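Worksheet: one structure, shown below.
All figures in this text were calculated on a predicted structure; none of them were measured in a lab.
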Amino acid sequence: MIIDTNVQPHFRYNAEIRRYLPAAHQLRSIPDVEQQWYQAPGGDYRADLYGDGYPGSDPDTVSRHLFDEGPPDSRARYAILNPLTRGNIADYLLNSRICGAVNDWLLDRWLEPDTSDRFRGTIRVNPEDPKGAVAEIERLAGHPKLVQVGVPMQSREPFGKPMFEPIWEAAAAHGLPVAVHINGGNGVDHPPTFAGHAHTYPGYASFMPLNYFVHLATLIVEGVFGRHPGLKFVFADGGYDILTPLMWRLDTFWLSMRDQTPWVDRYPSEYLPGHVRFCSSALDGPPETVHAARWMDFSGKADLVMYGSGYPHWSTTGAERTAAGLSAEQQQKVLWRNASELYGLTVSEGSTL
């Protein structure tokens with residue numbers, strides 16, 4: 001069986017979101033469905049998905065592509081929907097209303113009409129409004145088809161800082177992982193690299209996912225994972241191909257400067273299995289599959305990585321490509337077992353690809 005942990009549904013058109021906004025906000029100016037200023041050459045989405053509707057906007061089409069087409073052993077049993085919002089907007093209250101509208105739309109158009117019981121969803125919240133984010137989690141955490149909390153990768157502060165902790169505490173209390181996904185380019189974001197703005201899409205796309213390590217390092221070093229044993233983060237944009245050297249570096253610094261972080265009671269890398277997962281990415285990993293199994297063993301990535309197609313993005317990746325070169329045990333963990341355990345999804349033993 002296959003669980004696809006990274007699918008982005010979209011509104012059919014920009015005005016659709018306004019039906020789910022409170023009356024006081026329906027006439028406000030908000031960014032369009034096309035969120036990114038950094039546009040991929042040829043379009044952001046799979047070429048065959050451009051047509052009458054916006055890519056990823058029709059539940060029946062998405063369901064057919066993910067669950068029904070292709071060889072039987074390459075079809076997904078479940079798909080985790082992680083809709084994007086509109087990036088970081090200066091009016092944080094409007095941003096929170098947009099997140100609430102996205103959540104209501106996801107329930108109304110995708111999850112509640114899904115009689116096949118194959119879609120699961122994400123509670124989008126605005127980290128710049130911690131009180132509002134906690135209220136949104138409390139409002140929706142009891143819905144059986146909402147299985148995680150979603151926040152943007154872009155942030156003006158690392159997620160280990162104290163102002164965000166009430167959000168993570170609320171998510172952990174309800175057993176909901178926190179999914180971090182690139183979700184900006186049109187608001188008031190900081191530059192996507194530490195040295196400023198990338199000039200081209202390749203510069204943006206290759207670097208932006210690596211910002212996860214700033215969030216991850218501060219979650220460990222600031223003691224957030226230590227205070228919340230049940231808290232789990234999912235980094236949905238890949239970048240795990242550099243996880244090993246970065247964690248080695250963090251382990252080394254921690255070992256020599258433990259007096260500054262006495263609350264970190266183990267090597268930083270030892271926090272990974274209990275708190276961190278990654279969605280697979282077409283841009284990660286060794287270029288030759290003959291090295292894939294050994295590479296996956298570094299830092300125990302077979303226990304951390306979950307298959308995510310990235311549908312309907314241009315880099316959508318099939319499960320067979322993600323599993324290529326992995327051992328049978330690694331394939332099962334990556335394709336469904338890790339996600340099954342994280343999201344509480346029941347599946348039968350799956351075959352390898």
Side-chain angles (χ1 to χ4, degrees), residues 1-9 46 56 59 61-83 106 110-111 114-123 143-150 171 175-181 232-238 240 272-282 284-285 292 296 300-313 315-353:
M1 304 297 295
I2 295 169
I3 298 176
D4 189 340
T5 61
N6 189 22
V7 175
Q8 289 89 55
R46 259 177 40 184
T61 301
V62 174
S63 179
R64 185 176 71 253
H65 288 165
L66 297 179
F67 305 132
D68 301 329
E69 293 184 351
D73 60 358
S74 68
R75 301 171 189 169
R77 172 62 183 88
Y78 295 102
I80 311 299
L81 303 178
N82 190 3
L106 187 69
W110 291 81
L111 298 183
D114 174 32
T115 57
S116 68
D117 195 39
R118 293 184 289 188
F119 286 130
R120 295 294 185 272
T122 302
I123 305 170
H143 197 288
K145 288 192 175 183
L146 292 170
V147 296
Q148 65 183 5
V149 173
L176 297 172
V178 178
V180 184
H181 200 295
K232 293 181 172 59
F233 266 70
V234 177
F235 295 100
D237 292 286
Y240 56 88
L272 295 177
H275 296 280
V276 180
R277 298 294 183 268
F278 292 88
C279 295
S280 63
S281 167
D284 283 354
M296 190 65 79
K301 287 193 288 291
D303 294 320
L304 308 180
V305 177
M306 307 181 296
Y307 168 65
S309 66
Y311 181 100
H313 199 252
S315 60
T316 298
T317 308
E320 65 283 353
R321 178 176 173 182
T322 299
L326 302 182
S327 69
E329 181 180 10
Q330 290 173 336
Q331 285 188 22
Q332 285 199 352
K333 288 181 176 181
V334 170
L335 294 181
W336 67 271
R337 190 182 297 277
N338 292 341
S340 172
E341 294 173 355
L342 182 67
Y343 296 117
L345 299 174
T346 302
V347 296
S348 58
E349 282 290 317
S351 61
T352 56
L353 297 180

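A 4.5 Å side-chain heavy-atom check between S281 and D237 finds every atom pair outside the cut-off. When side chains are defined from C-beta on, K333 does not count as touching M296, because their heavy atoms never get closer than 4.5 Å. Between N6 and H181 the shortest side-chain heavy-atom distance falls below 4.5 Å. Residues P312 and R46 are not in side-chain contact: their nearest non-hydrogen atoms beyond the backbone lie 4.5 Å or more apart.
Put simply, CD on Q330 and OG1 on T322 are 13.0 Å apart, with the number rounded to the nearest 0.5 Å. To the nearest 0.5 angstrom, W336 atom CH2 is 8.0 Å from E341 atom CD. How far CG of L176 is from CG of L146: 8.5 Å, rounded to the nearest 0.5 Å. Separation of atoms CE (M306) and OG1 (T5) is listed at 4.5 Å; rounding is to 0.5 Å. Between the CG atom of D4 and the NE2 atom of H65 there is a distance of 13.5 Å, given to the nearest 0.5 Å. The CH2 atom of W110 sits 12.5 Å away from the NZ atom of K145 when rounded to the nearest 0.5 Å.
Taking both residues in full, the closest heavy atoms of T122 and I80 are given as OG1-CG2, 4.4 Å, listed atom of the first, atom of the second, then distance. Across P9 and L106, no two heavy atoms sit closer than the pair CG-CD1, 4.0 Å. What you find for R277 and D303 is that their closest heavy atoms are NE-O, 3.5 Å. When all heavy atoms of P273 and L304 are compared, the closest pair comes out as CA-CD2, 3.9 Å. When all heavy atoms of A179 and N82 are compared, the closest pair comes out as CB-ND2, 4.0 Å. Taking all atoms of both residues into account, the shortest heavy-atom contact from A324 to A292 is O-CB, 3.7 Å.
Between the side chain of Q331 and the backbone N or O of L326, at least one donor-acceptor pair lies under 3.5 Å. The backbone N or O of T317 lies less than 3.5 Å from a partner atom in the side chain of Y307, making a donor-acceptor pair. Between the S340 side chain and the L345 main chain, a donor and an acceptor come within less than 3.5 Å of each other. A donor-acceptor contact shorter than 3.5 Å is absent between the side chain of N338 and the backbone of L342.
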Given side-chain contact (heavy atoms from CB on, under 4.5 Å), test R75 with I2 step by step and report yes or no. CA-CA 7 Å; R75 301 171 189 169; I2 295 169; over 6 Å; no
Worked verdict on V234 versus C279 for side-chain contact (heavy atoms from CB on, under 4.5 Å): CA-CA 7 Å; V234 177; C279 295; 3.8 Å; yes
Between K301 and Y240, is the side-chain contact (heavy atoms from CB on, under 4.5 Å) condition met? List the steps. CA-CA 8 Å; K301 287 193 288 291; Y240 56 88; 3.8 Å; yes
Show your working on side-chain contact (heavy atoms from CB on, under 4.5 Å) between R77 and R118 and close with a plain yes or no. CA-CA 6 Å; R77 172 62 183 88; R118 293 184 289 188; 3.2 Å; yes
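Partner of F67 under the ring-ring contact (aromatic ring centres under 6.0 Å, His included) criterion, chosen from F119, Y78, Y311: F119.
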